[in-house]
*Asks:* 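The structure is given below, and queries will be raised subsequently.
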Protein chains: 2
Amino acid sequence: MRLSTKGRYAVRAMVDLALHAHEGPVSRAEIAGRQGISADYIAHLFHRLQRAKLIRGVRGRSGGYLLARDPAHIRIGEIVRAVEGPMALTDCTVPGQETVCPRASRCVTRALWLKTAQAVAETLDSVTLADLCRQATES
Amino acid sequence: MRLSTKGRYAVRAMVDLALHAHEGPVSRAEIAGRQGISADYIAHLFHRLQRAKLIRGVRGRSGGYLLARDPAHIRIGEIVRAVEGPMALTDCTVPGQETVCPRASRCVTRALWLKTAQAVAETLDSVTLADLCRQATES
DNA sequence: GAAAAATTGACAATTTCAGTCAAGTATTGT
DNA sequence: ACAATACTTGACTGAAATTGTCAATTTTTC
Ligand code: FES
Ligand code: FES
């Protein structure tokens with residue numbers, strides 16, 4: 001039941017990006033340095049975040065990354081889902097994968113896994129990137 | 001963010017046990033046969049469930065396992081925690097492990113992971129073994 | 001045109017998962 | 001008594017996921 005480093009790093013990197021992207025793109029090297037995460041690893045995470053349209057990559061010299069949306073409209077759940085895939089506690093509760101368990105229709109536990117994953121999603125979606133940034137600056 | 005088979009198997013096995021233990025202990029072989037789970041694997045799961053005082057092992061011929069408590073007082077969360085360890089999305093949110101992250105006191109994401117794990121625990125603890133059994137029989 | 005930086009894919013070390021196997025202990029039916 | 005049954009426990013293994021690293025490529029700017 002652990003979140004992988006992908007999810008944790010991605011959220012931290014996004015907070016860092018939100019706090020420093022006010023003027024121009026932020027490079028991986030800067031974020032990696034501040035957050036103590038490998039720059040090469042961040043590349044993969046940001047690739048996924050970009051596919052999810054949460055950030056935008058700017059190439060070339062003095063390039064880097066920018067948020068694609070206002071931090072107040074980026075929910076933490078979106079970040080986690082982007083790098084970790086759909087939130088589901090079992091394969092058979094992933095949307096579109098209902099047929100993995102042969103007896104899914106009779107399974108008494110399935111509804112519970114579904115409900116639990118929903119609780120996780122709701123919790124993570126109840127917080128925005130702006131919320132975390134505010135918390136980070138007011139310390 | 002997946003639950004391992006330990007958690008899923010343990011819950012299924014406990015439901016099976018609750019449904020069949022009315023008269024005498026149930027052996028691993030019976031449960032394994034009905035649920036399609038390896039009997040040897042169940043041994044390990046039940047060992048942990050026993051340490052958590054959720055079931056009781058009865059040795060010798062015609063032995064097996066019995067529930068240690070009334071199904072109405074066994075919460076699914078207890079079963080999952082017994083086989084998967086404490087519910088935490090990160091190592092630094094495991095009770096007693098707060099020092100894993102050097103900057104835990106300043107970390108803005110930690111509170112969110114804590115809150116999320118709590119949501120999972122509450123959801124799983126809101127359902128009892130008796131609830132699942134009722135659902136299984138009324139189909 | 002050279003340097004900086006993102007893009008992308010291949011690859012490797014480590015850890016976790018899922019399950020097997022076996023040796024040992026306790027109990028019971030006959 | 002004793003053989004059969006069944007739990008107990010630890011060691012071990014193959015497969016998969018995790019967590020990165022590295023290099024080649026493309027794009028842009030100074
Ligand atoms: S766990 Fe997949 S249907 Fe029951
Ligand atoms: S993730 Fe552990 S303290 Fe921030």
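Order of the sequence lines fixes the chain letters, A, B, ..., with proteins taken first and strands second; residue numbering starts at 1 for each chain.
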*Asks:* For residues Gln97(A) and Asp91(A), is any side-chain donor paired with an opposing acceptor at under 3.5 Å?
*Replies:*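 Side chains of Gln97(A) and Asp91(A): no pair found under 3.5 Å.
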*Asks:* Could you give the CZ-to-P distance, from Arg56(B) to dT27(C), as a whole number of Å?
*Replies:*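 Rounded to the whole Å, the gap is 12 Å.
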*Asks:* Do Glu122(B) and Arg75(B) sit within salt-bridge range, that is, some charged N less than 4.0 Å from a carboxylate O?
*Replies:*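 No, this pair does not count.
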*Asks:* Grab the CZ-C1' distance between Phe46(A) and dA5(C) for me, whole Å please.
*Replies:*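 From Phe46(A) CZ to dA5(C) C1': 14 Å.
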*Asks:* Is any side-chain nitrogen or oxygen of Ser38(A) closer than 4.0 Å to OP1 or OP2 of dT21(D)?
*Replies:*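 Yes, such a contact exists.
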*Asks:* Between dT8(D) and Tyr65(B), is there an OP1 or OP2 to side-chain N/O distance shorter than 4.0 Å?
*Replies:*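 Yes, within the criterion.
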*Asks:* At less than 4.0 Å, is any side-chain N or O atom of Ser27(A) found next to OP1 or OP2 of dA5(C)? Yes or no.
*Replies:*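 Answer is no, no contact under 4.0 Å.
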*Asks:* Out of dT21(D), dT20(C), dC30(D), which has the shortest distance to the side chain of Asp40(B)?
*Replies:*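 Of all the options, the side chain of Asp40(B) is nearest to dT20(C).
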*Asks:* When the distance from CG of Leu17(A) to P of dA6(C) is rounded to whole Å, what number comes out?
*Replies:*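 Those two atoms, CG and P, are 11 Å apart.
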*Asks:* Whether Glu84(A) and Arg2(B) form a salt bridge (side-chain N of Lys/Arg under 4.0 Å from carboxylate O of Asp/Glu) is what I want to check.
*Replies:*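 Here Arg2(B) does not pair with Glu84(A) in a salt bridge, since their nearest N and O are not under 4.0 Å apart.
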*Asks:* Whole angstrom is fine here: how far is it from CD1 in Ile37(B) over to P in dG19(C)?
*Replies:*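 Between P of dG19(C) and CD1 of Ile37(B): 9 Å.
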*Asks:* Report the distance from atom CZ of Arg48(A) to atom C1' of dG9(C), rounded to the nearest whole Å.
*Replies:*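 Going from CZ in Arg48(A) over to C1' in dG9(C) covers 13 Å.
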*Asks:* Whole angstroms only, please: what is the CG-C1' distance between Leu45(B) and dT8(D)?
*Replies:*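 For the pair Leu45(B) CG and dT8(D) C1', the rounded distance is 14 Å.
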*Asks:* Of the listed nucleotides (dT27(D), dT9(D), dT8(C)), which one gets closest to any side-chain atom of His44(B)?
*Replies:*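 Closest of the options to the side chain of His44(B): dT9(D).
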*Asks:* Quick check for you: among dT19(D), dT20(C), dG29(C), whose closest atom lies nearest to any side-chain atom of Arg61(B)?
*Replies:*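 Nearest to the side chain of Arg61(B) among the choices is dG29(C).
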*Asks:* Separation of Arg8(B) atom CZ from dC17(C) atom C1', in whole Å?
*Replies:*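 Interatomic distance, CZ of Arg8(B) to C1' of dC17(C): 12 Å.
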*Asks:* State, yes or no, whether a side-chain contact exists between Met87(A) and Arg81(A) at a heavy-atom distance under 4.5 Å.
*Replies:*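 The answer is yes, as the side chains (C-beta and beyond) meet within the 4.5 Å cut-off.
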*Asks:* Expressed in angstrom and rounded to an integer, what is the separation of Ile55(B) atom CD1 from dA6(D) atom C1'?
*Replies:*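 To the nearest whole Å, that distance equals 14 Å.
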*Asks:* Is any side-chain N or O of Arg59(A) closer than 4.0 Å to OP1 or OP2 of dA4(C)?
*Replies:*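 Answer no for this pair, as no side-chain N or O of Arg59(A) is under 4.0 Å from OP1 or OP2.
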*Asks:* Measuring to OP1 and OP2 of dG19(C), would you say a side-chain N or O of Tyr9(B) lies under 4.0 angstrom away?
*Replies:*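 Checking Tyr9(B) against dG19(C): at least one side-chain N or O falls below 4.0 Å of OP1 or OP2.
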*Asks:* Are side-chain N/O atoms of Ser126(A) and Thr123(A) paired as donor and acceptor at under 3.5 Å?
*Replies:*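 No, because no side-chain N or O of Ser126(A) sits under 3.5 Å from a partner of the opposite role on Thr123(A).
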*Asks:* Between dT8(D) and His47(B), is there an OP1 or OP2 to side-chain N/O distance shorter than 4.0 Å?
*Replies:*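 Looking at the OP1 and OP2 atoms of dT8(D), neither is under 4.0 Å from any side-chain N or O of His47(B).
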*Asks:* Would you say a side-chain N or O of Ser4(A) is under 4.0 Å from OP1 or OP2 of dT19(D)?
*Replies:*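 Checking Ser4(A) against dT19(D): at least one side-chain N or O falls below 4.0 Å of OP1 or OP2.
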*Asks:* Between Ser62(A) and Thr5(A), which is nearer to the 5' end of DNA chain D once each is assigned its nearest nucleotide?
*Replies:*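 Between the two, 5'-proximity favours Thr5(A).
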